[in-house]
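Okay, so here's the structure we're looking at.
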Amino acid sequence: MKRSMKALVAGTTAVATLAFAGGAWAEQMKIGITQNNVGVDSYQTTYEKAFKEAAAANPDVDAVVLDAGGDVARQIAQIQDLVQQNVQAIIVWPTNGKAVVPAVKKAHDAGIPVIITNSNIAEQGMPFIAAFSGPNNIEQGKEAADMMCTGLNGKGDIVQISGKPGYTTAIERQKGFEDELAKACPDVKIMDTQPGDWNREKSQRVMEDFLVKYPQIDGVYAADDNMGVGALNAAKAAGRAKDIKFVGATNFAVGYEAMKKGEYYGSVYQSPIDDAKNALQTAIDVIQGKDVPKMNYFKTPQITEKNMDQFEKPAF
């Protein structure tokens, strides 16, 4: 069956909706997704593209694709709008894991299963979701800590650039890293932690301040490679990059390239394409009544210069 895609405007949210002409609408699963902030980085842009492609390729899916633009209030309004549209499942990439809990509860109370994608909801929201689909961010933090330990031979002074405050992924990756570092190599000390808000330019400024403040920095842990490369750029400009081990998470193309040059020590490989496809399939499985793990993680292995030839360069 041939289908065509058309854009719709969803009230004040002014967002794109995917609908498919032709076919038996009654048999389609209407699935809504509200994303965190598509334009903030290439990971989220690639995720949205992959999600739309996966939905368009499935004749049984009618997908309503929304973007909160990083605005919590807008995301709450989008969740409420999806409830009014009587979708069969709602996928939420939370702008803030705590702030979205009341809206997620309303969807749950309306009998609509909610799947959280990529970044988890706060603990108090867990009873109201059908499943989480995404990476295990605690484990990613641990993997990064293990790489840092290896890179520094178990001893050194480091700084940390965390993600956006209040964002569950940022909280979990920081916790996983700090807990594992203290356990695995207590002689590696974190001198300072500042947020980079998932932004490369801000992270570069944070690192510039670190370089002024600390004459000796042995390592940098950034909660994603976008921020890690920002820190690397600051260190290169100051002539100090060769003395610092850079470890990140969510291996971006820029991190992959820096790793290939020997400038970036390690990261955690995470595909936004797998992330998007996993979220959509989880929603489909929930709608169809299949047995779905509450925490439906996909694998995110370590990547370093030693094994990077086993991984494709990220498409984001």
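Keep in mind it's a predicted model, so treat the numbers as computed, not measured. Residues: numbered from 1 along the sequence shown. Just so it is clear, the values below take in all heavy atoms, side chains as well, and ignore hydrogens, waters and symmetry mates.
Between I284 and Q288, some side-chain heavy-atom pair lies under the 4.5 Å cut-off. In this structure, the side chains of F298 and P135 come closer than 4.5 Å at one or more pairs of heavy atoms. A 4.5 Å side-chain heavy-atom check between R200 and V254 finds at least one atom pair inside the cut-off. Counting heavy atoms from C-beta outward, F252 and V229 have side chains that stay 4.5 Å or more apart. Counting heavy atoms from C-beta on, the side chains of T117 and F51 never come closer than 4.5 Å. Two residues are said to be in side-chain contact when any heavy atoms from C-beta on lie closer than 4.5 Å; E180 and M148 fail this criterion. Side-chain contact between S267 and T250 is absent, with no heavy-atom pair separated by less than 4.5 Å. Put simply, the side chain of Q84 does not reach to within 4.5 Å of the side chain of Q80, judged on heavy atoms.
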Sequence neighbours left out, cut at 3.5 Å: what donor-acceptor pairs do the side chains of residues 309-316 make with other protein atoms?
from, atom 1, to, atom 2, distance (Å)
K313, NZ, E257, OE2, 2.4

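More than 12 heavy-atom neighbours from other residues, nucleotides or ligands sit within 6.0 angstrom of NZ on K294. Within 6.0 Å of NZ in K202 there are more than 12 heavy atoms belonging to other residues, nucleotides or ligands. Heavy-atom neighbours of K30 NZ from other residues, nucleotides or ligands within 6.0 Å: above the threshold of 12. Under a cut-off of 6.0 angstrom, the local environment of CD in E123 is sparse, with at most 12 non-hydrogen atoms contributed by other residues, nucleotides or ligands.
Atom-to-atom distance recorded for I303:CD1 and N251:CG is 4.5 Å, nearest 0.5 angstrom. Distance OG/S133 to CD/Q281: 10.0 Å, rounded to 0.5 Å. Between D187 atom CG and K155 atom NZ the span is 6.5 Å, to the nearest 0.5 Å. In this structure, the separation between CD on Q174 and OG1 on T169 is 12.5 Å, given to the nearest 0.5 Å. Atom CZ in F177 sits 3.5 Å away from atom CD1 in I158 (nearest 0.5 Å). The distance from atom CD1 of I129 to atom NE2 of H108, rounded to the nearest 0.5 Å, is 10.0 Å.
What you find for N118 and F132 is that their closest heavy atoms are O-CZ, 3.5 Å. Between D157 and M191, the shortest heavy-atom contact is CB-SD, 3.6 Å. Scanning all heavy atoms of the two residues, the minimum distance from D225 to G255 falls at OD2-CA, 3.7 Å. Nearest heavy-atom pair, M147 versus Y265, reported as atom, atom and distance to 0.1 Å: O-CE2, 3.2 Å. Across every non-hydrogen atom of N96 and G166, the tightest pair is ND2-O, 3.7 Å. Considering all non-hydrogen atoms of both residues, I244 and A235 come closest at CD1-CB, 4.2 Å.
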Show, in sequence, the C-alpha distance, side-chain angles and deciding distance for K183 and K142, and conclude whether the side chain to side chain contact (heavy atoms under 4.5 Å, CB included) test is met. CA-CA 10 Å; K183 178 183 174 182; K142 290 181 178 180; over 6 Å; no
Checking D60 against Q28 for the side chain to side chain contact (heavy atoms under 4.5 Å, CB included) test, could you report, in this order, the C-alpha distance in whole Å, the side-chain angles of both residues, the deciding distance, and whether it holds? CA-CA 5 Å; D60 298 324; Q28 284 189 309; 5.6 Å; no
Let's go through E172 and K175 carefully: what are the C-alpha distance in whole Å and the side-chain angles of both, what is the deciding distance for salt bridge (charged side-chain N to carboxylate O under 4.0 Å, His left out) to 0.1 Å, and is it a yes or a no? CA-CA 5 Å; E172 290 182 342; K175 176 175 173 51; over 6 Å; no
Side chain to side chain donor-acceptor pair (under 3.5 Å) assessment of Q270 paired with T300: CA-CA 5 Å; Q270 178 181 316; T300 54; 5.6 Å; no
Just do the side chain to side chain contact (heavy atoms under 4.5 Å, CB included) check on N199 and V40 with the steps written out, would you? CA-CA 8 Å; N199 182 277; V40 75; 5.8 Å; no
Evaluate D224 against W198 for side chain to side chain contact (heavy atoms under 4.5 Å, CB included), listing each step before the verdict. CA-CA 7 Å; D224 75 15; W198 313 119; 3.1 Å; yes
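In the hydrophobic cluster analysis, where Ile, Leu, Val, Met, Phe, Trp and Tyr join through side-chain heavy atoms closer than 4.5 angstrom, Y167 is grouped apart from I171. Both Y264 and V220 are part of a single hydrophobic cluster, where members link through side-chain heavy atoms under 4.5 Å apart. At a threshold of 4.5 Å between side-chain heavy atoms, the hydrophobic network of Ile, Leu, Val, Met, Phe, Trp and Tyr places Y221 and I217 in two separate groups. Criterion: ILVMFWY side-chain heavy atoms under 4.5 Å apart, direct or through other members. Under it, M227 and F246 are part of a common hydrophobic cluster. Hydrophobic clustering (side-chain heavy atoms under 4.5 Å, transitive across Ile, Leu, Val, Met, Phe, Trp, Tyr) groups I31 together with W93.
In summary, of the residues considered (V92, I90, I91), a side chain to side chain contact (heavy atoms under 4.5 Å, CB included) with L82 occurs for I90 alone. A side chain to side chain contact (heavy atoms under 4.5 Å, CB included) with D218 holds for exactly one of L152, V188, D243, V159; it is L152. Each of I121, D109, I76, I112 was scored for a side chain to side chain contact (heavy atoms under 4.5 Å, CB included) with V104, with one residue passing: I121.
By the side-chain contact (heavy atoms from CB on, under 4.5 Å) test, E143 is found to be paired with V268, Q302, residues two or more places apart in sequence or in another chain being considered.
Side-chain atoms of Q35 and Q44 form no donor-acceptor pair, as typed in the model, at a separation below 3.5 Å. Counted by atom type alone, T168 and N120 present zero donor-acceptor pairs between their side chains at under 3.5 Å. Side-chain polar atoms of D275 and Y43 form a donor-acceptor pair below 3.5 angstrom.
We find that R205 and E208 are not joined by a salt bridge, their nearest charged nitrogen and carboxylate oxygen being 4.0 Å or further apart.
At distances below 3.5 Å, at least one donor-acceptor pair connects side-chain atoms of K189 with backbone N or O atoms of P186. Between the side chain of Q78 and the backbone N or O of T34, no donor-acceptor pair lies under 3.5 Å. In this structure a side-chain-to-backbone donor-acceptor pair under 3.5 Å is missing from R173 to A222.
Using the six-membered ring where Trp is involved, Y214 and F210 have ring planes that are tilted, between 30° and 60° apart.
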